[in-house]
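In listed order, ligands and their atoms are each counted from 1.
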Amino acid sequence: MTSTTGTIESTNKEKMGEDLYRLIERLYPICRSITGNGVRETLDIIKEYLSLEVNEVPTGTQVFDWTVPDEWNIKDAYIKNEKGEKIVDFKKLNLHVLNYSIPVNETMDLETLKAHLFTIPEYPDWIPYRTSYHNKNWGFCISHNQLLRLKDGSYEVKIDSTLQPGSLTYGEHLIKGSSSEEVIISCHVCHPSLCNDNLSGIAVATFLARELEKLHLKYSYRFLFIPGTIGSITWLSLNEDKIKNIRHGIVLTLLGDKTKFHYKKSRRGDAEIDRIILRQLKNKFTDFGIIDFYPYGYDERQFCSPGFNLPVGRLSRKPHGEFPEYHTSADNLDFVKPEHLSESLDLLLSIIRELESSEKYLNLSPKCEPQLGKRGLFKQIGGQSETNDYQMALLWILNLSDGEHSLQDIEEKSRLNVAILRDAAEALCKVNLLKKI
Ligand SMILES: [Zn+2]
């Protein structure tokens with residue numbers, strides 16, 4: 001038996017927000033990257049909440065056109081001035097190190113050092129987040145104000161990192177429903193101390209899985225905790241046998257700030273998940289954004305690459321790159337709030353409630369309209385310009401019951417009452433023109 005998913009009770013919302021936020025607080029200090037111990041440590045913490053399966057894919061594994069890279073780990077990094085004072089310290093904030101920096105242990109003058117320093121002149125107090133996964137490089141990210149204060153002289157630069165064969169780590173959690181048809185819920189786990197970008201998605205996905213585990217579900221739900229880009233490419237490459245079962249999917253990111261929701265549609269543009277999320281946003285909010293698919297962003301790029309073209313969209317609040325805190329030290333614990341996180345989770349539960357309860361029929365006589373009059377279903381005198389709602393309901397149900405559209409979709413398109421549509425569907429089933437699927 002399928003019990004439908006409820007939204008979070010209002011009394012629980014506050015506690016849920018606090019639980020989501022607490023998980024973000026625990027994960028915030030960890031230095032994550034696309035590989036390495038930061039991802040493992042993150043997945044170990046998520047394992048306290050979910051029975052996550054952790055997979056290790058060796059360096060050098062070919063995944064479509066890509067290769068799993070060397071594993072990066074870091075113990076320490078700093079810049080010391082001539083007095084021996086640490087003026088930049090990785091241990092105070094991991095964003096200070098260019099992610100994937102090769103090891104360095106040198107003394108150099110300011111001009112040489114400056115070629116390896118990254119800042120944001122527009123926001124001179126913030127520290128940028130920068131990466132160099134595919135070009136071997138090293139660097140430090142500091143505030144622009146600090147850069148302006150640096151004096152000529154010699155600087156001791158140390159990055160105690162390793163970049164060597166190891167593996168790419170990702171987490172997977174499957175909740176089995178009564179059907180083998182799957183819904184993919186994916187989030188990235190590769191950013192260091194950034195809250196909205198990566199930690200909000202991780203926290204919402206973790207608690208969504210916990211809520212779904214309490215229910216009897218129709219679909220199976222596969223949660224992926226993967227490094228961005230290379231993680232989804234790796235997963236898709238190693239799991240091609242599972243792809244035929246994927247019916248819907250959502251990439252989760254940027255769900256903890258106060259701005260309105262934005263949904264980026266799947267490449268298909270009119271998949272059932274696209275229609276459901278649009279409907280839920282319309283039901284719940286007066287203001288939200290809808291973005292057509294474009295081939296940049298998060299892991300929807302891989303799920304929606306033309307060879308897969310999966311019905312996977314992306315749910316976020318303000319999109320990446322459209323808020324100044326994006327990829328900076330200002331995307332911190334003050335930037336995300338418990339109430340925004342719990343609202344995001346609440347919206348996702350409503351989306352899944354509709355997915356789980358969607359009713360679909362199949363037209364058994366889809367080539368041209370069947371003759372309804374001879375079955376006593378179409379009583380109108382031919383030639384009249386108007387038909388009544390019930391008769392229109394018969395035509396809408398027959399036309400859209402193609403296996404892709406639910407009763408909720410037909411209700412929305414036809415603007416007819418769902419009770420009339422259901423009556424029409426029952427009548428069509430009785431005369432074998434339609435069957436429930
Ligand atoms: Zn990012």
Can Q408 and E354 be counted as having a side-chain donor-acceptor contact under 3.5 angstrom? no
Give the minimum heavy-atom separation between L255 and L315, together with the two atoms involved. CD2-O, 3.8 Å
If you take the centroid of each ring, where Trp contributes its six-membered ring, are H191 and H327 closer together than 6.0 Å? yes
Near the Zn ion (ligand 1), which protein N/O/S atoms are found at less than 2.8 Å? H191 NE2, D197 OD2, H327 NE2
Would you say the rings of Y100 and Y133 are close, in the sense that their centroids are separated by under 6.0 Å? yes
Out of R317, K284, K337, K13, which one pairs with E343 under the salt bridge (Lys or Arg N to Asp or Glu O under 4.0 Å) rule? R317
Strictly under 6.0 Å, is that where the ring centroids of Y49 and F207 end up? yes
